[in-house]
Colleague: 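Quick one: structure below, then a few questions.
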Amino acid sequence: EDPYLTTRLGLVKVKALQGDTDTPDSNHVAATLKHFGAHGQPEGGHNIAPTFLSERQLREVHFKAFRTAIQEGKVLGVMASYNENSGIPTHSDAFLLKKLLRNEWGFKGVLISDYNATGELYNLHHIAKDSVGAALNALEAGVDVELADNFVYPTLLPLLKTGKISTTKIDEAVLNVLMLKFRLGLFERPFIDAGGTSVIGSPQHRELALKAAQQSMVLLKNDHSLLPLDRNKYRKIALIGPNADKCWLGGYSHLPRTSISPLAAIKEKYKDVEILYAPGCKIEADNATKRGPTQLASYEENLRLIKEAVQVAKTAEVVVLMLGGTPQVSKEATMDNLPGDLANLDLIGYQNELIDSLKALNKPIAAFVFSGPPISFVNLDTSAASIVQCWYLGQETGYAVAQTLFGDNNPSGKLTISIPRSAAHLPAYYFAKPTARSRGYNLEDNGPLYPFGFGLSYTNYEYSNLQLSKKSVAMRENVTVTVNVRNTGERSGDEIVQLYIRDEVSSVTRPLKELKDFARISLNPGEQKQVSFTIDPDKLKFYDREMREIVEPGEFSIMVGPSSEKLEVVKLLVQ
């Protein structure tokens with residue numbers, strides 16, 4: 001959702017893979033950015049569908065993360081996207097792949113096609129009449145490597161022999177590949193040390209995977225402080241839901257050496273409580289396969305499972321739901337006969353029927369939601385006292401969920417995307433333009449179900465004394481903004497402090513607010529820390545009417561707080 005956050009996430013991932021250099025050592029690999037350039041906003045949300053985006057939208061939203069990864073991260077690979085933008089398929093777009101990537105941004109690495117995207121120039125986009133035309137289009141646009149082999153690039157050899165393409169064009173692509181191999185040291189070190197794979201699944205790596213899972217969970221709701229569960233109060237717990245005994249890893253994930261579900265981890269670590277388990281319902285049918293179209297479980301089977309879950313829950317003191325999606329239900333649509341996108345953002349299958357049946361028991365309900373995309377769980381939001389958005393937490397899923405359920409982990413995650421109320425509420429971007437939601441819906445709330453940057457904790461934080469080091473600066477000056485954050489609760493915890501900026505009057509319309517920095521801090525009960533952010537000219541820049549990056553003089557709102565919708569404000573004058 002957010003260009004700045006995507007930029008920071010992309011940059012640290014590139015540096016983790018490559019190291020902070022364009023010549024990776026033997027412990028690093030080349031990173032490849034995908035998919036360039038406007039793959040993230042296709043028509044109707046369908047994979048590979050067209051985009052119709054202006055240069056302003058491309059530069060302000062879609063290109064920022066790519067440019068930063070190239071210029072700051074020195075990334076060695078870029079993969080072009082399947083889709084077209086305004087009539088030009090990316091794999092034939094020399095403006096994107098040459099003028100922008102290489103000439104303007106200084107990209108020195110290898111440009112790779114997506115799988116069979118070169119062939120799609122003639123058999124899907126129809127901008128070439130055959131494989132020869134497709135190969136010429138892609139090569140001229142700057143595609144160095146065809147993935148996978150032998151789609152259209154073998155036709156280049158006879159063209160080269162007959163003089164229909166120049167050796168220079170081939171040499172440009174070959175040189176980029178050879179330079180990548182030199183940078184990776186493949187001529188000096190052609191083979192890896194296979195013994196190094198012993199670190200995979202090591203205790204240190206499992207500890208890091210657990211920490212990542214713990215910090216990724218977002219506490220969205222916690223009425224009456226139901227979570228963490230008091231094991232002295234709730235001795236008999238009904239663990240119900242199709243994801244209770246699953247450890248979802250997400251699409252394209254290899255199976256780790258170890259993994260554990262919430263049900264298994266709770267039974268292993270918390271033997272002082274009685275766990276009553278029922279699946280409640282199934283999302284996918286038992287005979288569903290990863291390679292075929294998704295098949296949902298039948299109504300008859302789910303009706304039986306719901307009735308069984310209600311009987312189990314009747315004897316419990318509290319109900320803990322494990323709901324959401326699966327990597328198979330919402331995935332990349334890879335072929336015409338293998339769709340992957342969803343038309344509905346609600347809980348899929350018969351999960352809402354399960355919620356309604358359990359709600360009728362009038363027992364306290366806590367819910368953990370596992371998914372890739374955000375789910376619009378309006379019914380769950382009105383039925384459960386507590387909700388934790390888990391996403392796919394990886395191999396240590398079970399332990400992270402169990403520790404959060406019983407308070408050994410204090411959740412600190414913040415939403416990196418807004419959760420909409422329904423598909424009709426899309427787009428739900430927090431950085432809306434002034435006119436985007438000014439007149440709203442007639443009978444519906446205009447805002448998201450949960451906003452970008454939002455996330456609760458098992459403790460409370462108080463913000464105070466927001467100040468600027470100067471109230472007025474010259475256009476090329478830096479200014480520091482500080483805020484005090486105090487833990488006013490009884491538990492230690494982490495808070496993610498967020499900085500947003502609004503240009504109050506500008507020559508082109510600007511978003512109501514834009515994330516420009518954030519910081520994670522740890523606080524003990526009663527402890528206070530001062531958090532500071534540096535506002536440099538880059539944080540105030542935007543593209544003017546001539547598409548130049550500039551800072552315009554005037555008043556800026558500097559906003560700091562725990563989410564995009566709860567912010568303290570001070571004014572900065574730029575002269």
Side-chain angles (χ1 to χ4, degrees), residues 1-9 11-12 64 68 72 215 218-219 410-416 430-431 451-506 510-542 551-575:
E1 172 170 334
D2 180 72
Y4 177 80
L5 179 60
T6 305
T7 295
R8 307 326 297 169
L9 292 173
L11 182 61
V12 297
K64 282 190 174 182
T68 299
E72 293 184 39
Q215 293 189 353
V218 186
L219 179 63
N410 186 356
S412 59
K414 303 282 188 174
L415 287 179
T416 58
Y430 83 87
F431 58 100
F452 178 89
F454 180 79
L456 302 174
S457 169
Y458 292 158
T459 188
N460 297 300
Y461 303 100
E462 179 182 86
Y463 286 67
S464 64
N465 199 29
L466 179 64
Q467 290 189 340
L468 292 169
S469 57
K470 305 175 191 175
K471 292 184 178 180
S472 176
V473 294
M475 289 173 63
R476 292 180 177 83
E477 276 189 278
N478 292 353
V479 62
T480 301
V481 57
T482 58
V483 66
N484 295 334
V485 183
R486 181 184 297 276
N487 182 347
T488 60
E490 299 178 354
R491 290 175 176 267
S492 297
D494 285 5
E495 172 68 334
I496 299 175
V497 185
Q498 301 161 45
L499 168 71
Y500 297 82
I501 295 179
R502 158 79 167 146
D503 191 343
E504 292 295 338
V505 179
S506 50
R510 302 299 305 140
L512 295 174
K513 66 193 75 162
E514 295 178 88
L515 179 71
K516 291 296 182 179
D517 212 339
F518 55 91
R520 175 186 287 269
I521 58 172
S522 298
L523 293 168
N524 293 318
E527 184 180 7
Q528 176 175 291
K529 288 183 179 178
Q530 186 180 77
V531 179
S532 65
F533 299 106
T534 298
I535 300 174
D536 57 25
D538 280 343
K539 287 183 167 60
L540 305 177
K541 284 182 180 178
F542 69 95
V551 178
E552 285 185 344
E555 189 177 61
F556 291 78
S557 290
I558 310 302
M559 299 168 272
V560 178
S563 80
S564 63
E565 289 194 355
K566 189 177 181 182
L567 298 163
E568 303 292 325
V569 184
V570 290
K571 300 292 185 177
L572 171 67
L573 181 63
V574 176
Q575 297 182 327

Colleague: Using a 6.0 Å cut-off, check whether atom CD of Glu555 has over 12 heavy atoms from anything other than its own residue.
Modeller: yes

Colleague: Write down the atom of Glu490, the atom of Thr459, and the distance for their closest heavy-atom approach.
Modeller: N-OG1, 3.8 Å

Colleague: Roughly how far, to the nearest 0.5 Å, is the NZ atom of Lys541 from the CG atom of Asp536?
Modeller: 8.5 Å

Colleague: Taking Ile501 as the fixed residue, which of Glu514, Lys539, Lys513 is the one that meets the side chain to side chain contact (heavy atoms under 4.5 Å, CB included) rule?
Modeller: Lys539

Colleague: Does Ser564 reach the main-chain N or O of Gly453 with its side chain, forming a donor-acceptor pair under 3.5 Å?
Modeller: no

Colleague: Working to the nearest 0.5 Å, report the span between OH of Tyr500 and CZ of Phe431.
Modeller: 11.0 Å

Colleague: Can you tell me how far the CG atom of Leu540 sits from the CD atom of Glu552, to the nearest 0.5 Å?
Modeller: 11.5 Å

Colleague: Determine, stepwise, if the pair Val569 / Met559 fulfils side-chain contact (heavy atoms from CB on, under 4.5 Å).
Modeller: CA-CA 5 Å; Val569 184; Met559 299 168 272; 3.6 Å; yes

Colleague: What I want to check is whether the side chains of Ser457 and Asn410 have a donor and an acceptor closer together than 3.5 Å.
Modeller: yes

Colleague: Nearest 0.5 Å, please: how far is OH in Tyr463 from CG in Asn484?
Modeller: 11.5 Å

Colleague: With a 3.5 Å distance limit and no angle check, can you tell me whether Arg510 reaches the backbone of Glu504 through a side-chain donor-acceptor pair?
Modeller: no

Colleague: Is it the case that over 12 heavy atoms from other parts of the model lie below 6.0 angstrom from the NZ atom of Lys571?
Modeller: yes

Colleague: Check Glu1 against Pro3 and note the closest heavy-atom contact, atom names and distance.
Modeller: O-CD, 3.7 Å

Colleague: What's the verdict on side-chain contact (heavy atoms from CB on, under 4.5 Å) for Asp2 and Thr416, showing C-alpha distance, side-chain angles and the deciding distance?
Modeller: CA-CA 8 Å; Asp2 180 72; Thr416 58; over 6 Å; no

Colleague: Treating Arg486 as the side-chain partner and Gly526 as the backbone partner, does any N or O pair qualify as donor plus acceptor under 3.5 Å?
Modeller: yes

Colleague: Ion pair present between Lys414 and Glu495, side-chain N to carboxylate O less than 4.0 angstrom?
Modeller: yes

Colleague: Give, for atom OG1 of Thr482 and atom CG of Asn465, the distance between the pair rounded to the nearest 0.5 Å.
Modeller: 6.5 Å

Colleague: Looking at every non-hydrogen atom in both residues, tell me the closest pair between Leu515 and Tyr430 and how far apart they are.
Modeller: N-OH, 2.6 Å

Colleague: For Ser522, which residues count as a side-chain contact (heavy atoms from CB on, under 4.5 Å) partner, sequence neighbours excluded?
Modeller: Asp494

Colleague: Could you walk me through whether Ile535 and Leu499 pass the side-chain contact (heavy atoms from CB on, under 4.5 Å) check?
Modeller: CA-CA 10 Å; Ile535 300 174; Leu499 168 71; 4.3 Å; yes

Colleague: How long is the straight-line distance from OH of Tyr461 back to CG of Leu456, given to the nearest 0.5 Å?
Modeller: 10.5 Å

Colleague: Could you walk me through whether Phe452 and Leu5 pass the side-chain contact (heavy atoms from CB on, under 4.5 Å) test, one step at a time?
Modeller: CA-CA 11 Å; Phe452 178 89; Leu5 179 60; 4.1 Å; yes

Colleague: Check whether Asn487 reaches the backbone of Leu523 with its side chain - one donor and one acceptor, N or O, closer than 3.5 Å.
Modeller: yes

Colleague: Kindly give the heavy-atom pair with the smallest separation between Thr480 and Ser532, and that separation in Å.
Modeller: CG2-CB, 4.0 Å

Colleague: Decide yes or no for Ile496 and Arg520: does some side-chain heavy atom of the first lie under 4.5 Å from some side-chain heavy atom of the second?
Modeller: yes

Colleague: Do you know the tightest heavy-atom contact between Asn478 and Pro537?
Modeller: OD1-CD, 3.3 Å

Colleague: Give the minimum heavy-atom separation between Gln575 and Leu573, together with the two atoms involved.
Modeller: NE2-CD2, 3.6 Å

